[in-house]
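Take a look at the structure set out below.
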Amino acid sequence: MTGTLAVFAPMAWLGPGRHLRDALVVADGDQIVFAGHAAEAPESEEQIELDGFLMPAVADRHVHIALSDPGAALLGGVTAVRDLAWPPDEIFPLADASEGPSFNGPLIRASGPMLTAPGGYPTRDAWAPDGTGREVSNAEDAVAAVSELAARNAGQIKVSLNAEAGPTPDDATLAAIVQAAAEHELPVTAHAQGSGQVERALGAGVSELAHTPWTERLSDDVIRVMAQTMRIVSTLDILSFGRDTPEVRTALDNLRRFADAGGEVSYGTDLGNGPIPAGIHVRELLLMREAGLGPEQIAEAMMRSRLEPGAPADLIGLGQNPFEDLGSFENLLLVVRAGRVVSAVDET
Ligand SMILES: [Zn+2]
(Lines give C-alpha, C1' and ligand atoms only; values in the text may rest on other atoms or scores of the structure.)
Protein backbone atom coordinates (compact mmCIF):
# COMPACT_ATOMS: atom_id res chain seq x y z
CA MET A 1 0.00 0.00 0.00
CA THR A 2 1.49 3.32 -1.02
CA GLY A 3 -1.26 5.46 0.46
CA THR A 4 -3.60 7.71 -1.41
CA LEU A 5 -2.93 10.48 -3.87
CA ALA A 6 -5.47 13.10 -4.86
CA VAL A 7 -5.12 15.40 -7.86
CA PHE A 8 -7.40 18.38 -8.11
CA ALA A 9 -7.78 20.28 -11.39
CA PRO A 10 -10.05 23.11 -12.53
CA MET A 11 -10.52 21.36 -15.90
CA ALA A 12 -10.44 17.67 -16.75
CA TRP A 13 -11.37 15.03 -19.28
CA LEU A 14 -11.88 11.67 -17.60
CA GLY A 15 -12.62 9.75 -20.79
CA PRO A 16 -15.08 9.80 -23.70
CA GLY A 17 -17.99 12.11 -22.93
CA ARG A 18 -16.69 13.14 -19.50
CA HIS A 19 -15.54 16.76 -19.51
CA LEU A 20 -15.52 18.17 -16.00
CA ARG A 21 -14.80 21.35 -14.08
CA ASP A 22 -13.40 21.22 -10.53
CA ALA A 23 -12.43 17.61 -10.88
CA LEU A 24 -10.68 15.37 -8.41
CA VAL A 25 -9.06 12.03 -9.09
CA VAL A 26 -8.04 9.92 -6.11
CA ALA A 27 -5.72 6.94 -6.35
CA ASP A 28 -5.17 4.31 -3.67
CA GLY A 29 -1.95 2.51 -4.52
CA ASP A 30 -1.88 1.88 -8.26
CA GLN A 31 -5.66 2.11 -8.77
CA ILE A 32 -8.15 4.90 -9.06
CA VAL A 33 -10.78 4.89 -6.33
CA PHE A 34 -12.56 8.12 -7.20
CA ALA A 35 -12.87 10.31 -10.30
CA GLY A 36 -15.45 13.05 -10.38
CA HIS A 37 -16.49 16.36 -8.86
CA ALA A 38 -14.19 17.53 -6.07
CA ALA A 39 -17.13 18.23 -3.75
CA GLU A 40 -18.08 14.55 -3.68
CA ALA A 41 -14.58 13.20 -3.04
CA PRO A 42 -13.28 11.23 -0.05
CA GLU A 43 -10.36 12.34 2.16
CA SER A 44 -6.84 11.63 0.97
CA GLU A 45 -3.26 11.93 2.21
CA GLU A 46 -1.23 13.61 -0.52
CA GLN A 47 -2.95 16.32 -2.53
CA ILE A 48 -1.79 17.97 -5.72
CA GLU A 49 -3.44 21.14 -6.95
CA LEU A 50 -2.89 21.10 -10.68
CA ASP A 51 -3.12 24.53 -12.28
CA GLY A 52 -4.25 23.17 -15.62
CA PHE A 53 -5.95 20.30 -17.38
CA LEU A 54 -6.12 16.72 -16.05
CA MET A 55 -6.63 13.67 -18.26
CA PRO A 56 -5.65 10.02 -18.63
CA ALA A 57 -1.99 9.29 -19.37
CA VAL A 58 -1.05 8.06 -22.79
CA ALA A 59 -0.44 4.62 -24.28
CA ASP A 60 1.77 4.43 -27.38
CA ARG A 61 0.50 1.29 -29.09
CA HIS A 62 3.45 0.81 -31.45
CA VAL A 63 7.01 1.13 -30.19
CA HIS A 64 10.38 -0.59 -30.26
CA ILE A 65 11.37 0.53 -26.80
CA ALA A 66 14.93 -0.83 -26.87
CA LEU A 67 15.70 1.58 -29.73
CA SER A 68 14.52 4.51 -27.62
CA ASP A 69 14.70 5.77 -24.04
CA PRO A 70 12.04 4.33 -21.69
CA GLY A 71 12.69 6.97 -19.01
CA ALA A 72 12.18 9.80 -21.49
CA ALA A 73 8.99 8.20 -22.80
CA LEU A 74 7.56 8.12 -19.27
CA LEU A 75 8.62 11.68 -18.46
CA GLY A 76 6.90 12.67 -21.71
CA GLY A 77 3.52 11.41 -20.50
CA VAL A 78 3.54 7.90 -22.00
CA THR A 79 2.87 5.47 -19.14
CA ALA A 80 2.22 2.34 -21.23
CA VAL A 81 3.57 1.03 -24.52
CA ARG A 82 3.12 -1.95 -26.77
CA ASP A 83 6.42 -3.18 -28.15
CA LEU A 84 5.69 -4.65 -31.59
CA ALA A 85 8.86 -6.63 -32.41
CA TRP A 86 12.07 -7.30 -30.55
CA PRO A 87 14.09 -10.41 -29.67
CA PRO A 88 12.18 -12.39 -27.03
CA ASP A 89 15.09 -12.94 -24.65
CA GLU A 90 15.50 -9.19 -24.30
CA ILE A 91 11.98 -7.83 -24.49
CA PHE A 92 10.06 -10.27 -22.28
CA PRO A 93 12.36 -9.79 -19.25
CA LEU A 94 12.15 -6.03 -19.82
CA ALA A 95 8.36 -6.24 -19.97
CA ASP A 96 8.35 -8.18 -16.69
CA ALA A 97 10.65 -5.59 -15.10
CA SER A 98 8.35 -2.78 -16.26
CA GLU A 99 5.64 -4.08 -13.92
CA GLY A 100 7.75 -3.15 -10.88
CA PRO A 101 7.49 0.19 -9.06
CA SER A 102 11.17 1.03 -9.48
CA PHE A 103 11.19 0.68 -13.29
CA ASN A 104 12.17 3.94 -14.98
CA GLY A 105 9.82 3.79 -17.94
CA PRO A 106 6.31 2.95 -19.06
CA LEU A 107 4.53 -0.36 -18.56
CA ILE A 108 5.61 -2.54 -21.50
CA ARG A 109 3.40 -5.12 -23.19
CA ALA A 110 5.41 -6.97 -25.81
CA SER A 111 4.75 -9.07 -28.88
CA GLY A 112 8.21 -10.56 -28.88
CA PRO A 113 9.34 -11.30 -32.44
CA MET A 114 7.31 -10.70 -35.58
CA LEU A 115 6.18 -13.94 -37.18
CA THR A 116 7.40 -13.97 -40.76
CA ALA A 117 8.18 -16.25 -43.71
CA PRO A 118 11.72 -17.67 -44.00
CA GLY A 119 13.86 -14.79 -45.25
CA GLY A 120 10.96 -12.34 -44.80
CA TYR A 121 10.86 -8.91 -43.17
CA PRO A 122 12.55 -8.00 -40.83
CA THR A 123 15.11 -10.83 -40.90
CA ARG A 124 17.42 -8.92 -43.27
CA ASP A 125 16.83 -5.40 -42.01
CA ALA A 126 19.57 -3.39 -40.37
CA TRP A 127 17.36 -2.00 -37.57
CA ALA A 128 16.34 -5.45 -36.37
CA PRO A 129 18.76 -7.54 -34.27
CA ASP A 130 18.72 -11.33 -34.72
CA GLY A 131 15.52 -12.69 -33.24
CA THR A 132 13.33 -9.68 -34.11
CA GLY A 133 11.72 -11.88 -36.76
CA ARG A 134 10.66 -15.45 -36.04
CA GLU A 135 10.55 -17.49 -39.25
CA VAL A 136 7.59 -19.84 -39.61
CA SER A 137 7.43 -21.97 -42.74
CA ASN A 138 4.07 -23.71 -42.30
CA ALA A 139 0.96 -23.96 -40.17
CA GLU A 140 2.55 -26.34 -37.69
CA ASP A 141 5.47 -23.96 -37.10
CA ALA A 142 3.04 -21.10 -36.69
CA VAL A 143 1.01 -22.89 -34.03
CA ALA A 144 4.18 -23.77 -32.10
CA ALA A 145 5.47 -20.18 -32.28
CA VAL A 146 2.18 -18.70 -31.07
CA SER A 147 2.05 -21.18 -28.15
CA GLU A 148 5.59 -20.28 -27.10
CA LEU A 149 4.84 -16.57 -27.22
CA ALA A 150 1.62 -17.03 -25.27
CA ALA A 151 3.58 -18.95 -22.61
CA ARG A 152 5.96 -15.99 -22.36
CA ASN A 153 3.07 -13.64 -21.70
CA ALA A 154 3.03 -11.90 -25.08
CA GLY A 155 0.44 -9.13 -25.20
CA GLN A 156 -0.38 -9.74 -28.85
CA ILE A 157 0.96 -11.58 -31.89
CA LYS A 158 2.62 -9.54 -34.64
CA VAL A 159 2.73 -10.91 -38.16
CA SER A 160 4.82 -9.55 -41.01
CA LEU A 161 3.02 -9.18 -44.35
CA ASN A 162 5.66 -7.04 -45.99
CA ALA A 163 5.73 -8.10 -49.61
CA GLU A 164 8.11 -5.27 -50.52
CA ALA A 165 10.93 -6.64 -48.37
CA GLY A 166 10.76 -10.38 -48.98
CA PRO A 167 8.43 -13.37 -48.81
CA THR A 168 5.36 -13.38 -46.57
CA PRO A 169 3.61 -16.27 -44.80
CA ASP A 170 1.28 -18.12 -47.20
CA ASP A 171 -2.47 -18.11 -46.63
CA ALA A 172 -2.53 -21.40 -44.72
CA THR A 173 0.24 -20.25 -42.39
CA LEU A 174 -1.44 -16.88 -41.86
CA ALA A 175 -4.75 -18.59 -41.09
CA ALA A 176 -3.00 -20.88 -38.59
CA ILE A 177 -1.40 -17.87 -36.85
CA VAL A 178 -4.76 -16.12 -36.48
CA GLN A 179 -6.50 -19.27 -35.26
CA ALA A 180 -3.77 -20.19 -32.76
CA ALA A 181 -3.73 -16.62 -31.43
CA ALA A 182 -7.51 -16.73 -30.96
CA GLU A 183 -7.17 -19.96 -28.99
CA HIS A 184 -4.77 -18.15 -26.66
CA GLU A 185 -7.06 -15.08 -26.63
CA LEU A 186 -4.34 -12.94 -28.16
CA PRO A 187 -5.09 -10.26 -30.73
CA VAL A 188 -3.11 -10.28 -33.99
CA THR A 189 -1.57 -7.13 -35.40
CA ALA A 190 -0.10 -7.07 -38.91
CA HIS A 191 2.58 -5.08 -40.64
CA ALA A 192 0.90 -4.91 -44.07
CA GLN A 193 3.02 -3.44 -46.84
CA GLY A 194 2.67 -3.89 -50.60
CA SER A 195 -0.17 -4.49 -52.98
CA GLY A 196 -2.92 -6.73 -51.63
CA GLN A 197 -1.45 -7.29 -48.16
CA VAL A 198 -4.10 -5.32 -46.25
CA GLU A 199 -6.77 -7.37 -48.03
CA ARG A 200 -4.96 -10.57 -47.01
CA ALA A 201 -4.85 -9.46 -43.38
CA LEU A 202 -8.52 -8.56 -43.51
CA GLY A 203 -9.48 -11.85 -45.11
CA ALA A 204 -7.55 -13.84 -42.52
CA GLY A 205 -9.29 -12.15 -39.60
CA VAL A 206 -6.34 -10.07 -38.36
CA SER A 207 -7.78 -7.58 -35.87
CA GLU A 208 -5.33 -4.71 -36.20
CA LEU A 209 -2.93 -3.03 -38.59
CA ALA A 210 0.26 -1.86 -36.90
CA HIS A 211 0.52 1.05 -39.35
CA THR A 212 -1.92 3.13 -41.35
CA PRO A 213 -1.64 1.57 -44.85
CA TRP A 214 0.55 3.81 -46.99
CA THR A 215 1.75 1.85 -50.01
CA GLU A 216 -1.52 2.11 -51.95
CA ARG A 217 -4.94 3.74 -51.86
CA LEU A 218 -7.40 1.16 -50.53
CA SER A 219 -10.82 0.85 -52.14
CA ASP A 220 -13.87 2.23 -50.34
CA ASP A 221 -15.28 -1.30 -50.13
CA VAL A 222 -12.18 -2.63 -48.36
CA ILE A 223 -12.13 0.34 -46.01
CA ARG A 224 -15.78 -0.19 -45.13
CA VAL A 225 -15.19 -3.83 -44.12
CA MET A 226 -11.99 -2.92 -42.26
CA ALA A 227 -13.87 -0.35 -40.21
CA GLN A 228 -16.16 -3.10 -38.89
CA THR A 229 -13.47 -5.57 -37.87
CA MET A 230 -10.07 -3.90 -37.56
CA ARG A 231 -8.31 -1.23 -35.63
CA ILE A 232 -5.52 0.90 -37.12
CA VAL A 233 -2.49 2.14 -35.20
CA SER A 234 -1.73 5.57 -36.66
CA THR A 235 2.12 5.79 -37.06
CA LEU A 236 1.70 8.63 -39.57
CA ASP A 237 4.75 10.74 -38.81
CA ILE A 238 7.22 7.96 -39.67
CA LEU A 239 6.01 8.42 -43.25
CA SER A 240 7.01 12.04 -43.35
CA PHE A 241 9.02 13.10 -40.27
CA GLY A 242 7.39 16.50 -40.53
CA ARG A 243 7.68 16.82 -44.31
CA ASP A 244 5.06 16.29 -47.01
CA THR A 245 5.50 12.94 -48.79
CA PRO A 246 3.37 10.83 -51.16
CA GLU A 247 3.39 8.08 -48.50
CA VAL A 248 1.84 10.24 -45.79
CA ARG A 249 -0.71 11.63 -48.30
CA THR A 250 -1.83 8.08 -49.17
CA ALA A 251 -1.99 7.11 -45.51
CA LEU A 252 -4.02 10.21 -44.59
CA ASP A 253 -6.47 9.44 -47.39
CA ASN A 254 -6.90 5.85 -46.17
CA LEU A 255 -7.19 6.84 -42.52
CA ARG A 256 -9.69 9.62 -43.22
CA ARG A 257 -12.06 7.23 -44.99
CA PHE A 258 -11.50 4.54 -42.33
CA ALA A 259 -12.37 6.94 -39.51
CA ASP A 260 -15.38 8.30 -41.46
CA ALA A 261 -16.65 4.73 -41.77
CA GLY A 262 -16.51 4.38 -37.98
CA GLY A 263 -13.19 2.53 -37.74
CA GLU A 264 -11.24 2.63 -34.47
CA VAL A 265 -7.89 4.40 -34.55
CA SER A 266 -5.18 4.00 -31.90
CA TYR A 267 -2.33 6.39 -31.28
CA GLY A 268 1.04 4.86 -32.04
CA THR A 269 4.32 6.36 -33.18
CA ASP A 270 6.63 3.41 -34.01
CA LEU A 271 8.98 4.97 -31.45
CA GLY A 272 12.50 3.72 -32.14
CA ASN A 273 11.99 4.00 -35.90
CA GLY A 274 13.97 7.05 -37.03
CA PRO A 275 13.94 10.42 -35.27
CA ILE A 276 10.65 10.04 -33.35
CA PRO A 277 11.04 11.75 -29.96
CA ALA A 278 10.19 9.78 -26.80
CA GLY A 279 7.03 10.94 -25.05
CA ILE A 280 3.80 12.30 -26.48
CA HIS A 281 4.53 13.18 -30.10
CA VAL A 282 2.54 16.24 -31.13
CA ARG A 283 3.31 15.89 -34.84
CA GLU A 284 1.55 12.51 -34.81
CA LEU A 285 -1.49 14.19 -33.23
CA LEU A 286 -1.51 16.96 -35.84
CA LEU A 287 -1.49 14.34 -38.60
CA MET A 288 -4.37 12.48 -36.94
CA ARG A 289 -6.29 15.74 -36.96
CA GLU A 290 -5.39 16.20 -40.62
CA ALA A 291 -6.95 12.78 -41.24
CA GLY A 292 -10.20 14.22 -39.86
CA LEU A 293 -10.15 12.92 -36.30
CA GLY A 294 -11.74 15.31 -33.80
CA PRO A 295 -10.11 16.25 -30.49
CA GLU A 296 -12.15 13.75 -28.50
CA GLN A 297 -11.34 10.94 -30.95
CA ILE A 298 -7.65 11.82 -30.71
CA ALA A 299 -7.75 11.88 -26.91
CA GLU A 300 -9.56 8.55 -26.88
CA ALA A 301 -7.01 7.05 -29.28
CA MET A 302 -4.20 8.17 -26.95
CA MET A 303 -5.55 7.30 -23.52
CA ARG A 304 -4.30 4.27 -21.65
CA SER A 305 -7.71 3.90 -20.00
CA ARG A 306 -10.48 6.20 -18.85
CA LEU A 307 -10.20 7.62 -15.35
CA GLU A 308 -12.73 5.74 -13.25
CA PRO A 309 -12.69 3.57 -10.11
CA GLY A 310 -10.72 0.37 -10.66
CA ALA A 311 -8.67 1.76 -13.56
CA PRO A 312 -4.87 2.11 -13.40
CA ALA A 313 -3.87 5.38 -11.74
CA ASP A 314 -2.07 6.79 -14.79
CA LEU A 315 -2.69 10.49 -15.36
CA ILE A 316 -1.17 13.56 -16.91
CA GLY A 317 -1.62 17.26 -16.27
CA LEU A 318 -1.24 19.87 -19.01
CA GLY A 319 -0.84 23.63 -18.86
CA GLN A 320 -3.76 24.25 -21.20
CA ASN A 321 -6.82 22.53 -22.60
CA PRO A 322 -5.66 20.15 -25.36
CA PHE A 323 -9.16 20.10 -26.85
CA GLU A 324 -8.48 23.69 -27.88
CA ASP A 325 -4.83 23.28 -28.84
CA LEU A 326 -3.00 19.99 -29.44
CA GLY A 327 0.24 21.85 -28.74
CA SER A 328 -0.78 21.70 -25.06
CA PHE A 329 0.69 18.21 -24.97
CA GLU A 330 4.10 19.89 -25.10
CA ASN A 331 3.33 21.65 -21.83
CA LEU A 332 3.23 18.74 -19.38
CA LEU A 333 2.89 19.71 -15.72
CA LEU A 334 2.33 16.31 -14.16
CA VAL A 335 2.88 12.64 -14.92
CA VAL A 336 1.55 9.91 -12.62
CA ARG A 337 2.11 6.24 -13.31
CA ALA A 338 0.52 3.55 -11.11
CA GLY A 339 -0.32 6.12 -8.45
CA ARG A 340 3.26 7.41 -8.21
CA VAL A 341 4.18 10.94 -9.19
CA VAL A 342 6.85 10.62 -11.90
CA SER A 343 7.21 14.34 -12.47
CA ALA A 344 5.43 17.45 -11.32
CA VAL A 345 6.11 21.04 -12.29
CA ASP A 346 5.89 23.38 -9.33
CA GLU A 347 4.15 26.50 -10.61
CA THR A 348 4.91 28.67 -7.59
ZN1 LIG B 1 7.45 -0.90 -35.75
Side-chain angles (χ1 to χ4, degrees), residues 61-64 67 82-86 111-129 132-137 142 156-171 173-175 177-178 181 187-219 222-223 225-227 229-241 243 245-258 263 265-274 276 284 287-288 291:
R61 291 184 167 87
H62 187 154
V63 307
H64 304 276
L67 296 174
R82 294 194 315 160
D83 191 285
L84 296 187
W86 202 249
S111 301
M114 249 188 260
L115 303 187
T116 188
Y121 178 79
T123 59
R124 295 181 212 153
D125 289 76
W127 68 268
T132 304
R134 162 83 182 259
E135 296 170 314
V136 292
S137 39
Q156 59 282 318
I157 299 297
K158 171 99 174 265
V159 60
S160 165
L161 298 176
N162 182 349
E164 294 184 343
T168 60
D170 62 27
D171 286 345
T173 307
L174 179 59
I177 290 169
V178 173
V188 178
T189 189
H191 176 117
Q193 178 174 355
S195 184
Q197 297 304 315
V198 168
E199 288 85 345
R200 287 190 67 209
L202 184 63
V206 166
S207 54
E208 182 185 278
L209 296 180
H211 301 282
T212 302
W214 75 97
T215 52
E216 60 201 329
R217 184 180 198 272
L218 299 170
S219 76
V222 166
I223 294 261
V225 182
M226 284 170 65
T229 61
M230 276 183 155
R231 181 164 82 162
I232 289 180
V233 185
S234 59
T235 72
L236 294 162
D237 193 45
I238 55 156
L239 304 172
S240 55
F241 297 119
R243 293 168 295 124
T245 63
E247 289 80 8
V248 80
R249 290 284 133 211
T250 302
L252 287 167
D253 175 23
N254 286 330
L255 194 63
R256 184 176 298 112
R257 288 179 295 130
F258 177 78
V265 179
S266 290
Y267 166 82
T269 64
D270 207 3
L271 177 65
N273 175 352
I276 298 290
E284 186 69 32
L287 287 167
M288 290 166 85

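All figures in this text were calculated on a predicted structure; none of them were measured in a lab.
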Open item on the list: Looking at every heavy atom in both Pro169 and Ala117, which two are closest together, and how far apart are they?
Closed with: N-CB, 3.6 Å

Task: Pairwise distance OG1(Thr245) to CG(Leu239) - rounded to 0.5 angstrom - done: 6.0 Å

Task: Close side-chain approach of Thr173 to Val136, heavy-atom, < 4.5 Å - done: yes

TODO: Tell me, with the steps shown, if Val198 and Gln193 meet side chain to side chain contact (heavy atoms under 4.5 Å, CB included).
DONE: CA-CA 7 Å; Val198 168; Gln193 178 174 355; over 6 Å; no

Task: Interatomic spacing from CG in Leu236 to CG in Leu255 - rounded to 0.5 Å - done: 5.5 Å

- [ ] Enter the distance from Met114:CE to Thr189:OG1 here, rounded to the nearest 0.5 Å.
- [x] 10.0 Å

Open item on the list: Please find the pair of heavy atoms, one from Gly133 and one from Pro113, that lie closest to each other, and give the distance.
Closed with: C-CB, 4.1 Å

Task: Close side-chain approach of Ile276 and Ile238, heavy atoms under 4.5 Å - done: yes

Open item on the list: If you apply the rule side chain to side chain donor-acceptor pair (under 3.5 Å), what do you find for Asp253 with Thr250, and how did you get there?
Closed with: CA-CA 5 Å; Asp253 175 23; Thr250 302; over 6 Å; no

Open item on the list: Which residues pass the salt bridge (charged side-chain N to carboxylate O under 4.0 Å, His left out) test with Arg200, not counting sequence neighbours?
Closed with: Asp171

TODO: Would you indicate whether the side-chain heavy atoms of Ile177 and Ile157 approach each other to under 4.5 Å?
DONE: yes

Open item on the list: Treating Asn254 as the side-chain partner and Glu216 as the backbone partner, does any N or O pair qualify as donor plus acceptor under 3.5 Å?
Closed with: yes

Task: Evaluation steps, side chain to side chain contact (heavy atoms under 4.5 Å, CB included), between His211 and Val233 - done: CA-CA 5 Å; His211 301 282; Val233 185; over 6 Å; no

- [ ] Measure the shortest side-chain to side-chain distance between Glu135 and Thr123 over non-hydrogen atoms and say whether it is less than 4.5 angstrom.
- [x] yes

Open item on the list: How close do Ala165 and Asn162 get, counting heavy atoms only, and between which atoms?
Closed with: N-OD1, 3.2 Å

TODO: Compare all side-chain heavy atoms of Pro129 with those of Trp86 and state whether any distance is below 4.5 angstrom.
DONE: yes

Open item on the list: I want to check something: taking the side chain as every heavy atom from C-beta on, are Arg61 and Leu84 in contact at a cut-off of under 4.5 Å?
Closed with: no

Open item on the list: Please check: side-chain N/O of Thr212 versus main-chain N/O of Ser234, any donor-acceptor pairing under 3.5 Å?
Closed with: yes

TODO: Over all heavy atoms of both residues, which pair between Thr229 and Leu202 is shortest? Give the atoms and the distance, please.
DONE: OG1-CD1, 3.5 Å

Open item on the list: Within this structure, what is the CG-CG distance for the pair Asp83 and Leu67, rounded to the nearest 0.5 Å?
Closed with: 8.5 Å

TODO: Might you point out which heavy atoms bring Gly119 and Pro167 nearest each other, and give the distance in Å?
DONE: O-CD, 3.7 Å

- [ ] Could you tell me how the ring of His191 sits relative to the ring of Tyr121: parallel (under 30°), tilted (30 to 60°) or perpendicular (over 60°)?
- [x] tilted

- [ ] Can you sort out the partners of Glu284 under salt bridge (charged side-chain N to carboxylate O under 4.0 Å, His left out), two or more places apart, ordered by chain and number?
- [x] none

- [ ] Using distance alone, with no hydrogens and no angle criterion, decide if Asn273 and His64 have a side-chain donor and acceptor under 3.5 Å apart.
- [x] no

Open item on the list: Just verifying a value: how many Å separate Ser266 OG and Arg231 CZ, rounded to the nearest 0.5 Å?
Closed with: 3.5 Å

TODO: Search all heavy atoms of Gly194 against all heavy atoms of Thr215 and return the closest pair with its distance.
DONE: N-OG1, 3.1 Å

- [ ] Output all residues satisfying salt bridge (charged side-chain N to carboxylate O under 4.0 Å, His left out) with Arg256, sequence neighbours left out; order by chain, then residue number.
- [x] none

Task: Positive for side chain to side chain donor-acceptor pair (under 3.5 Å) with Glu208, one of Arg82, Lys158, Gln156 - done: Arg82

Open item on the list: Quick check: do Leu218 and Glu199 have side-chain heavy atoms less than 4.5 Å from each other?
Closed with: yes

Open item on the list: Would you say His62 and Thr235 are linked by a side-chain donor-acceptor pair, where the criterion is simply a distance under 3.5 Å?
Closed with: no

TODO: Find out whether Val159 and Thr116 are in side-chain contact, i.e. whether some heavy atom of one side chain is under 4.5 Å from a heavy atom of the other.
DONE: no

Task: Between OG on residue Ser160 and CG on residue Asp125, distance to nearest 0.5 Å - done: 9.0 Å

